[in-house]
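Note sheet for the following structure.
Note that the structure is predicted; figures quoted are calculated from it, not measured. In what follows, chains are A, B, ... by sequence order, proteins preceding strands, each numbered from 1.
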Protein chains: 2
Amino acid sequence: MVLPRAAKTQRRTRIQEEKEEQILEAALEVFSAHGFRGSTIDQIAEVAGMSKPNLLYYFRTKEAMHRALIDRVLDTWLDPLRALDAEGNPVAEIRSYIRRKLELARDYPRESRLFANEVLQGAPHIEDELKGPLKQLVDEKAEVIRAWAKAGKIAKCDPYHLIFAIWSTTQHYADFDVQVRAVLGQEHAGDGRFEDAARFLERLFVDGLQVRE
Amino acid sequence: MVLPRAAKTQRRTRIQEEKEEQILEAALEVFSAHGFRGSTIDQIAEVAGMSKPNLLYYFRTKEAMHRALIDRVLDTWLDPLRALDAEGNPVAEIRSYIRRKLELARDYPRESRLFANEVLQGAPHIEDELKGPLKQLVDEKAEVIRAWAKAGKIAKCDPYHLIFAIWSTTQHYADFDVQVRAVLGQEHAGDGRFEDAARFLERLFVDGLQVRE
DNA sequence: TGTAATGTTTACCAACCGGTCAAATTATCA
DNA sequence: TGATAATTTGACCGGTTGGTAAACATTACA
């Protein structure tokens, strides 16, 4: 038996799980920093601490590695939106959605950049995920938001563009981190910018969506 | 005489201007779509409709091409922020800043993606621009906004994060265009999403910043 | 322990990439 | 027109890249 991918479908060795984990971690590091085309298998191998042919023993191609990474990360990435609860208090729900997204940007910036790189370059590898699961989830939650607006619980607004606005403002702190740091300057060295951002964004969206008479 | 770059410092031929224009246009097309490392001189040459050595006759290296492109585009890209007028009506100024940024995202998405790619990958080629001219301009306009808030003309808020929020929400429509299209679906094929976005964002920011008693 | 399956590495390949060179072609202008 | 400078190209080079082949090492297990 020479094919690990085939073996995997039956039983997975302890070694297989460990090594695939190592590789995906290294792949995340490299792909998120340079994009797909800008990354090399050699770089990933070095970060993973193993030889290039060894990587290719677990993932037959660079694309397979990238695909496995995307699949593994996408779910986690969408969790905050999934958590948006139609039964909850609308303003509180949106507020905590923003907070969760911002925490993701702070704690998992590489995952954010992985998608950003991919989407920015035309999403050649994840078109199906965007048009399928992503669109479905957004459609569903957009309906929730629309219902809140209709019931007069928040201001009337386009739910899709509201979601886009929350995505972009929060992910900005992961994807464009160097720019944010450059503009804010040295004095904002720690994670303080995330707390400032949270305060600003919660206020912006809550005040911007509040119904007033 | 074999050095076009040297000749250029003295006099520029008609041909030189035309060809450099062609090359930079092609470079914008390619760099914005694949990032620096993901782009090849051959690709740019093909788009420009000339041979690779011919490109390298006008720009000695791939980096030189990229640098020239950044230099040419950066100014235009910052114009909307530069236009923010301390003497104008604050709410109207912010509203038209948003509108202008959104128009840029609609009309010049490649320029937006050029910077997005660059910043996303750690801004290896434009660090100086970020920490220099960009930071300076933002510092200046942040002061303007702070003054407006202090004078009670808009709600008190962190001006830097306000600027980040406007950048991210507007550029989102250029940088993540494929995602926006995928989520909105076929029915939003035209430019309608930009008008919807404008309506949503103007309302969000204006209501979010308005002073209420 | 032995042996078959699994895991790892060295050496290698063909394609690609950034860039050079020299020769050929075209524009400029006295 | 003719000579000189400017422009363009095909052939090429060394280094890199994704991926392979096969030998070697290790593990699992009867």
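Taking atom CG of B:Leu55 as the reference point, atom P of D:dT7 lies 14 Å away to the nearest angstrom. Distance B:Ile23 CD1 to C:dG18 C1': 15 Å, rounded to the nearest Å. For the pair B:Asp42 CG and C:dG19 P, the interatomic distance rounds to 12 Å; values are reported in whole Å. Rounded to a whole Å, the CD atom of B:Gln22 is 13 Å from the P atom of D:dT7. When rounded to the nearest whole Å, the span between CG of B:Asn54 and P of C:dG18 equals 16 Å. Going from atom CD of A:Glu46 over to atom C1' of D:dT16 covers 15 Å, rounded to whole Å. Remark: C1' of D:dT26 and CD of A:Glu18 are 14 Å apart, rounded to the nearest angstrom. Distance B:Gln43 CD to C:dC16 C1': 11 Å, rounded to the nearest Å.
Phosphate proximity of C:dT9 to A:Ser51: present, with a side-chain N or O under 4.0 Å from OP1 or OP2. OP1 or OP2 of D:dT8 sits under 4.0 Å from a side-chain N or O of B:Lys19. Dashed line: the shortest gap from a side-chain N or O of B:Gln16 to OP1 or OP2 of D:dT7 is under 4.0 Å. OP1 or OP2 of C:dT6 has not a single side-chain nitrogen or oxygen of A:Tyr58 nearer than 4.0 Å. The side chain of A:Tyr57 places an N or O atom within less than 4.0 Å of a non-bridging phosphate oxygen (OP1 or OP2) of C:dG7.
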Please list, pair by pair, any protein nitrogen or oxygen found under 3.5 Å from a nitrogen or oxygen in nucleotides 19-21 of chain D.
{"residue": "D:dG19", "atom": "OP2", "partner": "A:Lys62", "partner atom": "N", "Å": "2.8"}
{"residue": "D:dG19", "atom": "O6", "partner": "A:Lys52", "partner atom": "NZ", "Å": "3.2"}

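Residues A:Gly38 and B:Arg37 come closest through the heavy atom pair O-NH1, 2.8 Å. Annotation for A:Trp148 and A:Asp85: closest pair CZ2-O, 3.3 Å, computed over non-hydrogen atoms. Of all heavy-atom pairs spanning B:Leu102 and B:Ala197, the tightest one is CD2-C, 3.9 Å. Closest heavy-atom contact between B:Leu74 and B:Glu129: CD2-CG, 3.6 Å.
By the 4.0 Å N-to-carboxylate-O rule, A:Lys135 lies too far from A:Glu140 to be salt-bridged with it. Look at A:Glu143 and A:Arg146 and you find a salt bridge, because one of the NZ, NE, NH1 or NH2 atoms lies within 4.0 Å of a carboxylate O, short of that distance.
Just one of A:Phe59, A:Phe31, A:Phe115 meets the ring pair (Phe, Tyr, Trp, His ring centres under 6.0 Å) condition when paired with A:His66; it is A:Phe31.
In this structure, A:His125 and A:Phe36 have tilted ring planes: the angle between them lies in the 30° to 60° band. Note: B:Phe164 and A:His172 have tilted aromatic rings, judged against thresholds of 30 and 60 degrees for the angle between ring planes.
Side-chain contact between A:Met65 and A:Tyr58: absent, with no pair of heavy atoms (C-beta onward) separated by less than 4.5 Å.
Counting only N and O atoms by type, the side chains of B:Asp196 and A:Tyr160 include no donor and acceptor under 3.5 Å apart.
With a 6.0 Å radius and a threshold of 12 heavy atoms from other residues, nucleotides or ligands, B:Lys131 has its NZ atom at or below the threshold.
Near DNA chain D, meaning a heavy atom under 4.0 Å from it, residues 28-40 of chain A has A:Ser39, A:Thr40 in order of number.
Between its two ends, the helix from C:dT1-D:dA30 to C:dA30-D:dT1 turns its axis by 10°, counting five pairs per end and rounding to 10 degrees.
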